[in-house]
Amino acid sequence: MRLLLFGPPGVGKGTQATLLKEEYKIPHISTGDILRQAVAEETELGLEAKKYMDKGELVPDEVMIGLVREVFNSPLCEKGFILDGFPRTVAQAEALDRVFSELSIELDAVIDFQVEENEIITRLSKRLTCRSCKSIFNTLVDSLDQNGSCPNCGGELYQRDDDKPDVVKQRLQVYNQSTMPVREYYQKSGKLVTINGSGDIDKVNKQILDAIQELNKQ
Ligand code: AP5
Ligand code: MG
């Protein structure tokens, strides 16, 4: 199974990727997670990426394309993958197609999440992420301990630096300007499946599984 999760910040790509990873037993490749790891480790990539991420801007295409090329040239994705957060520009989408063509592989589905902007803003202001196991929570829907530790592993829960309201606003603007055209790019391929990302997490998951099943029948 080769899946691409697409949509604006806060629509639930990471949350659904965790469930899909369990369902299909394939790796979750999140370019945001890879970059945050690099920032935490203060690598050259991390120091460069942080300048853009803190402002809600996109990391330059050449950096991101090189990074994703490296991932796909490793054995990690041989049995399938859930790609989350890439591509975010048409140039990235074209580069990804070139990589897939070199590897003679194709995407099975592009899952396009739709959630109202107001709901996105509320969600991101209440998101907490675990520093250790990277689990994603929301103080609006999850009952969390007063001590602020992760229910799954006991790790420290933190708020992402780019979840500050002004940075969220900028990320949404960048999505509308630079990333929306990627949606049209995939619409032409016939593999784009639009799902309603609002409502219960399990119901959203069921919509995705049903849509994949439907595509597989075609
Ligand atoms: P990235 O980490 O990819 O962030 P993003 O795309 O902005 O998306 P988020 O991770 O914020 O949201 P999500 O859709 O995963 O939602 P989540 O499941 O957490 O990128 C970060 C930065 O890295 C970018 O701004 C850029 O600088 C850089 N970058 C990354 N990739 C790049 C690329 N390809 N090119 C250039 N730059 C790149 O859910 C959000 C919240 O909602 C959580 O609290 C969750 O618990 C809650 N929630 C989820 N589902 C539901 C539901 N159904 N109901 C209620 N609450 C829900
Ligand atoms: Mg995410």
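Note that this is a predicted model, so its numbers are computed, not measured. Counting starts at 1 for both ligands and their atoms, in listed order. Side chains are part of it too, since the values below use all heavy atoms of this structure and drop only hydrogens, waters and symmetry mates.
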Can you tell whether the side chains of E106 and K191 come within less than 4.0 Å, N to carboxylate O? yes
What is the nearest protein non-hydrogen atom to atom 53 (N) of ligand 1, stated with its residue, atom name and distance? G199 O, 2.7 Å
Ligand 1 versus F113, non-hydrogen atoms closer than 4.0 Å: side chain, backbone, both, neither? neither
N/O of G56 under 3.5 Å from N/O of ligand 1, yes or no? no
Under 4.0 Å from one or more heavy atoms of N138, ligand 1 contributes atoms 41 (C), 42 (O), 43 (C), 44 (O), 46 (O), 47 (C)
Could you pull out, from Q170, R160, R127, the option with a heavy atom nearest to atom 19 (O) of ligand 1? R127
Looking only at protein heavy atoms, which one is nearest to atom 38 (C) of ligand 1, and how far off is it? R88 CD, 3.8 Å
For ligand 1 and K126, I'd like to know whether there is a polar contact (N/O to N/O, distance under 3.5 Å). no
Same apolar cluster (I L V M F W Y, side chains within < 4.5 Å links), I26/V193: yes
Who are the ring-ring contact (aromatic ring centres under 6.0 Å, His included) partners of Y186, not counting sequence neighbours? none
Please indicate whether any nitrogen or oxygen in Q92 is less than 3.5 Å from any nitrogen or oxygen in ligand 1. yes
Counting heavy atoms only, which of E57, R123, Q16 is nearest atom 56 (N) of ligand 1? R123
Among all protein heavy atoms, pick the one closest to atom 37 (N) of ligand 1 and tell me residue, atom and distance. V59 N, 3.0 Å
Please name the residue in the list K134, K21, E22 that meets the side-chain contact (heavy atoms from CB on, under 4.5 Å) test with H28. K21
If the threshold is 4.0 Å, N to carboxylate O, is there a salt bridge linking K164 and D166? no
Sub-4.0 Å heavy-atom approach of K203 to ligand 1: no
Starting from atom 16 (O) of ligand 1, find the nearest protein heavy-atom neighbour and note its residue, name and distance. G12 N, 3.2 Å
G197 heavy atom under 4.0 Å from ligand 1: yes
ring-ring contact (aromatic ring centres under 6.0 Å, His included) partners of F100, counting only residues at least two apart: F72, F81
Distance (rounded to the nearest 0.5 Å) between R127 CZ and R123 CZ: 10.0 Å
For ligand 1, which atoms have a heavy atom of G85 less than 4.0 angstrom away? 31 (N), 32 (C), 33 (C), 34 (N)
Keeping the roles fixed (side chain from Q16, backbone from D202), state whether a donor-acceptor pair exists under 3.5 Å. no
Among non-hydrogen protein atoms, atom 11 (O) of ligand 1 lies closest to R171 NH2, 2.6 Å
Give me the one residue out of L83, D84, I111, T179 that meets side-chain contact (heavy atoms from CB on, under 4.5 Å) with F6. T179
Does K13 reach ligand 1 with a nitrogen or oxygen that is under 3.5 Å from one of the ligand's nitrogen or oxygen atoms? yes
Per-atom filter on ligand 1: closer than 4.0 angstrom to a heavy atom of P9 are 5 (P), 7 (O), 8 (O), 12 (O)
Do ligand 1 and G14 have nitrogen or oxygen atoms that lie under 3.5 Å from each other? yes
Taking atom types as modelled, is there a side-chain donor on S198 or E116 under 3.5 Å from an acceptor on the other? no
D162-ligand 1 polar pair, N/O distance under 3.5 Å: no
With only distance considered, is L35 within less than 3.5 Å of ligand 1 through an N or O on each side? no
One thing to verify: whether E102 and R69 come together as a salt bridge, which I'm taking to mean a side-chain N less than 4.0 angstrom from a carboxylate O. yes
Would Q37 and E41 count as having a side-chain donor-acceptor pair, cut-off 3.5 Å? yes
Assess whether a salt bridge exists between D163 and R171, defined as any Lys/Arg side-chain N lying under 4.0 Å from an Asp/Glu carboxylate O. yes
In terms of side-chain geometry, is the basic nitrogen of R36 or D33 positioned less than 4.0 Å from the acidic oxygen of its partner? yes
For atom 43 (C) of ligand 1, which protein heavy atom lies nearest, and how many Å away is it? I136 CG2, 3.5 Å
Consider every N or O of S30 and every N or O of ligand 1, then say whether any pair is closer than 3.5 Å. no
Taking N or O atoms only and a 3.5 Å limit, does T15 qualify as a polar contact for ligand 1? yes
Give me the residue, atom name and distance of the protein heavy atom closest to atom 31 (N) of ligand 1. T31 OG1, 2.8 Å
Go through ligand 1 atom by atom and flag the ones less than 4.0 Å from a non-hydrogen atom of R36. 2 (O), 21 (C)
M64-ligand 1 polar pair, N/O distance under 3.5 Å: no
Give me the nearest non-hydrogen protein atom to atom 12 (O) of ligand 1 as residue plus atom name, then the distance to 0.1 Å. G10 N, 2.8 Å
With a 3.5 Å cut-off and no angle check, do the side chains of Q114 and N196 form a donor-acceptor pair? no
NZ/NE/NH1/NH2 to OD/OE distance under 4.0 Å, D210 and K206: yes
